[in-house]
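What follows is a single structure, written as structure tokens, with notes after it.
Letters A, B, ... are given to chains in the order of the sequence lines, protein chains preceding strands, and every chain is numbered from 1. All of these numbers come straight from a predicted model, not from anything done at the bench.
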Amino acid sequence: MSVIRSRLRSMILEAVQPLLDSPADLNIELDIPKVAEHGDFATNVAFGLTKRLRRNPREIASLIIANLKDPDRILKKVEPAGPGFINFFIDPRAYHEILRDILDNPRQYGRQNIGLGRRIQVEFVSANPTGPLHIGHGRGAAIGDVLANILQGCGYDVQREYYINDAGNQMDTLGRSLYYRYQQESGEEIDFPDNHYRGDYMIDLARQFIGETGGRHRGVPLEEVLQVFTSYAANSILDGIKEDLDVFGVHFQNWFSEQELHNRDAVKQALEFLRERGYIYDAEGAVWFKSTAFGDEKDRVVIRANGASTYFAADLAYHWDKFRRGFEMVVDIWGADHHGYVDRMKAGVQAMGQAPEDLRVILVQLVNLLRGGQPVAMSTRGGEFVTLREVIDEVGKDATRFIFLTRRTDSPLDFDLEVAKAQSNDNPVFYVQYAHARLCSVFEVAAERGVEFDWKSVGEDTLNLLSLPREYELLKLLGEYPEVLATCTRTLEPHYIPYYLHELVSLFHSYYHDNRILGDDPALTRARLCLAAAVKEVIANALDLLGVAAPQKM
RNA sequence: GCGCCUGUAGCUCAGUUGGAUAGAGCAACGGACUUCUAAUCCGUAGGUCAGGGGUUCGAAUCCCUUCAGGCGCGCCA
């Protein structure tokens with residue numbers, strides 16, 4: 001929480017107590033009003049107390065104001081307003097504390113201990129190793145990565161994990177796909193079957209494999225070499241996925257193999273565990289999980305009549321394993337097309353004895369890839385699709401990430417390649433980066449001119465020279481940064497950061513245009529350099545969380 | 001048929017647990033560089049928050065309903 005906010009909050013809380021019969025810890029909302037006449041901050045606590053105090057909100061507001069104590073004199077004025085709001089006008093000098101907060105330790109600014117060190121896992125991407133990542137995976141990757149950064153910054157002990165679906169029929173299909181392409185590329189006349197992975201990447205992979213094996217698998221019966229083909233395909237594709245994610249700036253602490261789960265009998269154990277708890281039963285030749293016990297619309301099969309376990313059974317085992325590894329909260333980031341699985345997974349978690357909130361599922365809406373307004377075909381089966389790597393190569397990592405992160409996760413996204421590129425000069429990401437480069441340039445020029453600047457030696461008198469309304473606005477906005485991170489943590493939505501950055505940078509550009517930072521008055525110059533340094537640091541700090549570069553020059 | 005998501009300016013999208021007069025970018029139009037980066041700034045115009053009903057001091061936000069679009073509803077993964 002920002003320094004000013006936390007001070008206001010405790011002041012209000014203290015002023016309310018005498019009005020109550022018994023002490024209470026109220027949730028004090030502090031809004032920043034849209035109109036300046038309504039002050040720097042406003043609260044609506046009075047509305048919440050009407051029933052308790054049996055008075056009208058306007059009256060209560062006045063009573064609270066009468067009780068306010070302001071020993072540090074951070075308030076210039078307080079007044080009741082409208083139907084019962086309380087408007088606070090802050091003494092501009094109180095904002096100097098924000099500068100200290102930022103410049104004392106720029107990288108730490110905004111970091112806070114909401115998470116209390118709790119262990120939390122963020123699982124994301126988790127694309128099947130049957131083909132390269134596409135743009136939808138990229139959106140999930142950006143969101144998961146940044147969310148993990150934010151949670152880490154807010155006091156959680158975060159682990160990033162990628163779940164590899166390297167078991168089941170699809171692996172055989174993958175191996176066969178490579179096998180057939182291998183034979184075709186070796187010159188064998190052989191039909192490529194339907195329902196296999198027919199993308200061009202599989203042909204490339206086949207040629208590569210022919211090279212590595214000297215073509216010695218040509219004409220060898222499928223059964224004899226399927227395992228070899230399967231593992232070669234899966235490993236190569238997974239390596240490609242890792243490389244693409246690396247280029248995209250996404251790094252996992254753990255890669256969790258589904259096959260491992262089967263190898264150590266974890267699926268069976270998890271089902272036994274659930275059976276002991278009474279949530280597994282046999283019927284119609286199959287084994288069922290009683291997810292209706294926790295609100296799912298129907299029970300789910302975990303072992304089919306033919307003896308094979310379902311994907312969901314593995315997922316139960318996987319989540320059981322997550323909690324057994326000691327995570328107190330688990331965040332799953334899924335494509336929105338999996339929303340039908342949320343209820344049963346939540347049911348599973350509860351059957352294991354966890355609270356429903358211990359699992360939070362974030363559904364990332366699908367991405368529509370366009371080029372010049374025209375949809376780009378994205379058929380996996382037909383193999384006609386644009387990979388994430390191609391998008392990054394064409395649009396750039398920073399712009400791609402920024403576009404993904406500037407949307408709410410549950411809102412569908414039109415990603416137009418032409419717009420993302422052609423707009424580059426007006427692209428929000430460059431707008432933000434430009435401000436950073438501009439600020440770097442100011443400090444460079446300052447150094448050239450021999451302007452000495454060490455903010456630690458800048459005193460209150462000097463900071464008091466910051467007297468323009470825009471300067472106060474900048475300071476106040478800088479003070480809101482921790483609040484932005486807290487909101488992201490509460491909602492598990494990263495998009496507040498790009499919007500905040502845009503607002504901050506816009507205010508700065510405007511200020512910069514009208515005022516000179518390096519002026520004739522040495523004291524004023526020092527004061528403004530403090531402000532400039534703080535803006536620069538917060539931009540860099542936020543861009544770092546987004547995994548977007550903060551360039552020195554542009 | 002049932003369920004979930006979405007519907008806000010011409011376009012792309014914000015609007016944090018209900019708050020005071022609904023915001024930004026792009027596009028359009030008109031302006032601003034002898035200066036620390038014009039990849040910038042300033043101004044104008046643009047709205048029945050899909051439609052209708054309800055809840056209350058107060059609704060884009062909550063409830064009901066209609067319409068439109070997307071996705072999902074397997075002993076598939």
(message) Heavy atoms only, 4.0 Å cut-off, all strands: where does A:D414 land among base, sugar-phosphate and nothing?
(response) sugar-phosphate
(message) Taking pairing as Watson-Crick or G-U wobble with both contacts under 3.5 Å, can you name the mate of B:G72, or confirm there isn't one?
(response) B:C2
(message) Please classify the nucleic acid contact of A:L413 as base, sugar-phosphate, or nothing, using heavy-atom distances under 4.0 Å.
(response) sugar-phosphate
(message) At a heavy-atom distance below 4.0 Å, what parts of residues 523-533 of chain A sit against RNA chain B?
(response) none
(request) Could you measure between the two P atoms, the one in B:G18 and the one in B:G25, and give it in whole Å? (result) 28 Å
(message) Taking only the P atom of each, what is the distance from B:A45 to B:A50 in whole angstrom?
(response) 24 Å
(request) Starting from P on B:C36, measure out to NE2 on A:H509 and report it in whole angstrom. (result) 17 Å
(request) Using a 4.0 Å heavy-atom cut-off across all strands, classify A:A42 as base, sugar-phosphate, or nothing. (result) base
(message) Short of 4.0 Å, heavy atom to strand atom, which residues of residues 491-503 of chain A count as contacting RNA chain B?
(response) A:H495, A:Y496, A:Y499, A:H502
(message) On RNA chain B, does the nearest nucleotide to A:G168 precede the nearest nucleotide to A:N44 from the 5' side, or the other way round? Give the residue.
(response) A:N44
(message) Using whole Å, what does the distance between atom P of nucleotide B:C36 and atom CZ of A:R516 come to?
(response) 6 Å
(message) Applying the Watson-Crick and G-U wobble criteria at under 3.5 Å, what pairs with B:G7? Answer none if nothing qualifies.
(response) B:C67
(request) Could you tell me which nucleotide pairs with B:C36 by Watson-Crick or G-U wobble geometry, both distances under 3.5 Å, or answer none if nothing does? (result) none
(request) Write down the distance separating the C1' atoms in B:C75 and B:U61, rounded off to the nearest Å. (result) 43 Å
(request) Mind checking A:R490 for me? I need base, sugar-phosphate or nothing, with any heavy atom below 4.0 Å counting as a touch. (result) base
(request) Write down the distance separating the P atoms in B:G19 and B:A59, rounded off to the nearest Å. (result) 11 Å
(message) Say we look at B:U17 and B:C33: how far apart would their P atoms be, to the nearest angstrom?
(response) 45 Å
(request) Take atom C1' in B:C42 and the same atom in B:C5, then report the distance between them in whole Å. (result) 40 Å
(request) Just call it for A:Y431: base, sugar-phosphate, or nothing, with non-hydrogen atoms closer than 4.0 Å on any strand. (result) sugar-phosphate
(message) Roughly how many Å apart are B:G23 and B:A60, using the P atom of each and rounding to a whole number?
(response) 13 Å
(request) Please find out if less than 6.0 Å separates the ring center of A:Y496 from that of A:Y500. (result) no
(message) Tell me which nucleotide, if any, is Watson-Crick or G-U wobble paired with B:A28 when both distances must be under 3.5 Å.
(response) B:U44
